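We're numbering straight along the sequence, starting at 1. Note that the coordinates shown come from a computational prediction; the quantities given were computed from them, not determined experimentally.
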Amino acid sequence: MTEAQAGGGPTVRRMLVGAQLRRLRTEQGISREQAGEAIRASEWKIHRLENGQVGFKDRDIVDLLALYGVTDPGEVVEFVILAREANAPGWWHHYGDLLPQWFRAYVDLESAAALIRTYEGQFVPGLLQTEDYMRAVVGDAPLEDSHDEAERRVALRLGRQTLLERAEAPRLWAVVDEAALRRPVGGREVMRAQLERLIEATKLPNVILQVLPFAAGAHPAMVGAFSVLRFADQELPDVVYVEHLTSALYLSKQEDVDQYLHVMESICVRSAAPNETVEIVGRVLNDS
């Protein structure tokens with residue numbers, strides 16, 4: 001099983017390099033247009049570099065640093081090395097043929113997060129799924145996978161789960177709708193094992209699990225599942241991830257993040273307290 005690397009993959013490292021380039025540029029009062037001219041590119045290219053959306057060329061890094069007043073050879077070399085590391089493939093590259101481009105960034109961000117807050121209305125959160133539950137979800141997905149490809153998808157999900165076992169594991173705060181607990185994914189035995197896994201997960205010091213009961217009625221997260229990721233590095237903004245069937249949204253503008261955090265706080269308040277989770281999941285288990 002492949003382990004999720006601490007510190008994240010290329011997406012996160014590119015974001016860090018880009019954030020540093022943005023800070024250096026703004027400190028010098030240089031516009032994106034001026035920076036683009038310095039590397040024979042457009043303002044849009046600088047925008048993409050600073051947001052970690054593309055890889056870095058050594059020549060561009062050296063030219064930008066010179067423009068921004070970074071002249072110490074040692075600092076330039078360290079920056080170039082950091083940029084090269086940001087171009088290296090992520091831990092998941094062995095599964096690259098199975099991962100759509102829009103999901104690869106999330107795997108990197110997830111493995112670098114210090115706090116993952118997630119709401120799920122239909123499924124158990126991926127980081128807490130059992131292997132058999134995963135197989136049932138993968139098997140019912142609208143994919144044309146062979147058996148081997150399906151097993152590799154399961155292996156990828158298992159690889160993502162190892163981040164909860166790291167020495168510096170992120171905190172996972174998950175809110176799960178009662179519907180996800182009562183939906184018999186994979187059949188009765190698979191679901192019973194999954195519910196038992198959730199009870200075990202509540203014992204982990206870095207996991208908070210809340211259940212949003214049917215009795216809560218309508219709530220602001222009924223539009224769909226989402227996750228909010230926060231990072232230890234202050235250079236990185238919070239990121240909201242909203243997945244669709246064939247694409248995903250990554251939101252980092254403060255007003256967008258604040259709105260999703262407001263929704264998250266709202267459903268946390270409407271959910272049962274974390275110390276009631278074991279009792280609630282136990283009741284569902286007894287009913288199954």
Side-chain angles (χ1 to χ4, degrees), residues 4-32 35-36 43-56 60-61 64 68 79 82-83 85-88 90-92 101-119 125-127 160 163 166 168-175 206 208 220-221 223-244 247-268:
Q5 295 175 350
T11 300
V12 176
R13 292 193 290 267
R14 285 199 305 266
M15 288 173 65
L16 284 170
V17 172
Q20 292 179 47
L21 289 173
R22 183 189 304 110
R23 175 174 51 79
L24 290 170
R25 177 179 60 77
T26 55
E27 286 176 353
Q28 295 296 319
I30 296 171
S31 70
R32 284 178 177 160
E43 177 183 355
W44 178 242
K45 172 71 175 292
I46 298 299
H47 171 82
R48 299 188 73 198
L49 285 173
E50 291 181 352
N51 285 279
Q53 296 174 338
V54 292
F56 304 97
D60 290 346
I61 293 295
L64 287 174
Y68 300 159
F79 210 106
L82 183 62
E85 290 175 349
N87 292 332
W91 69 268
W92 44 257
Q101 188 67 40
W102 50 263
F103 186 64
R104 297 176 186 181
Y106 181 76
V107 178
D108 285 340
L109 294 170
E110 179 185 67
S111 64
L115 171 63
I116 303 168
R117 299 188 69 178
T118 187
Y119 164 72
L127 292 177
R160 288 172 52 201
L163 67 88
R166 290 190 326 222
E168 297 181 359
R171 291 178 59 211
L172 172 65
W173 188 347
V175 177
N206 57 319
I208 297 174
V223 292
F226 66 94
S227 297
V228 183
L229 298 96
R230 179 163 294 171
F231 308 91
D233 196 305
Q234 297 301 309
E235 297 266 15
L236 295 178
D238 291 352
V239 175
V240 175
Y241 174 76
V242 185
E243 185 174 318
H244 304 300
S247 63
L249 291 176
Y250 293 87
L251 308 173
S252 58
K253 290 184 178 179
Q254 195 59 55
E255 56 266 35
D256 292 330
V257 173
D258 287 345
Q259 187 167 351
Y260 273 92
L261 284 174
H262 177 73
V263 171
M264 185 67 80
E265 293 296 339
S266 176
I267 60 175
C268 284

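When ring centroids are compared, Y241 and F226 stay outside the 6.0 Å threshold.
At distances below 3.5 Å, at least one donor-acceptor pair connects side-chain atoms of R22 with backbone N or O atoms of E50. Side chain of S266 to backbone of H262: no donor-acceptor contact under 3.5 angstrom is found.
Counting heavy atoms from C-beta on, the side chains of I46 and L64 come closer than 4.5 Å. You'll find the side chain of L109 reaches within 4.5 Å of the side chain of M15, heavy atoms only. By the 4.5 Å heavy-atom criterion applied to side chains, L172 and N206 are not counted as neighbours. Contact annotation: the side chain of R117 never approaches that of Y260 to less than 4.5 Å [non-hydrogen atoms, C-beta and beyond]. Looking at heavy atoms from C-beta onward, R230 lies in side-chain contact with L261 at the 4.5 angstrom threshold. A heavy-atom distance below 4.5 Å is not found between the side chains of D256 and V240.
Within the model, atoms CD of Q28 and CZ of R23 stand 11.0 Å from one another, a figure rounded to the nearest 0.5 Å. Expressed to the nearest 0.5 Å, how far CG of L21 lies from OG1 of T26 amounts to 10.5 Å.
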Check step by step if side-chain contact (heavy atoms from CB on, under 4.5 Å) holds for Q259 and L251. CA-CA 11 Å; Q259 187 167 351; L251 308 173; over 6 Å; no

Hey, mind stepping through V228 and L115 against side-chain contact (heavy atoms from CB on, under 4.5 Å) and telling me if it holds? CA-CA 8 Å; V228 183; L115 171 63; over 6 Å; no

Is there a side-chain contact (heavy atoms from CB on, under 4.5 Å) between V239 and Y106 once you walk through the steps? CA-CA 10 Å; V239 175; Y106 181 76; over 6 Å; no

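The local environment of CD in Q53 is crowded, with over 12 non-hydrogen atoms from other residues, nucleotides or ligands closer than 6.0 Å.
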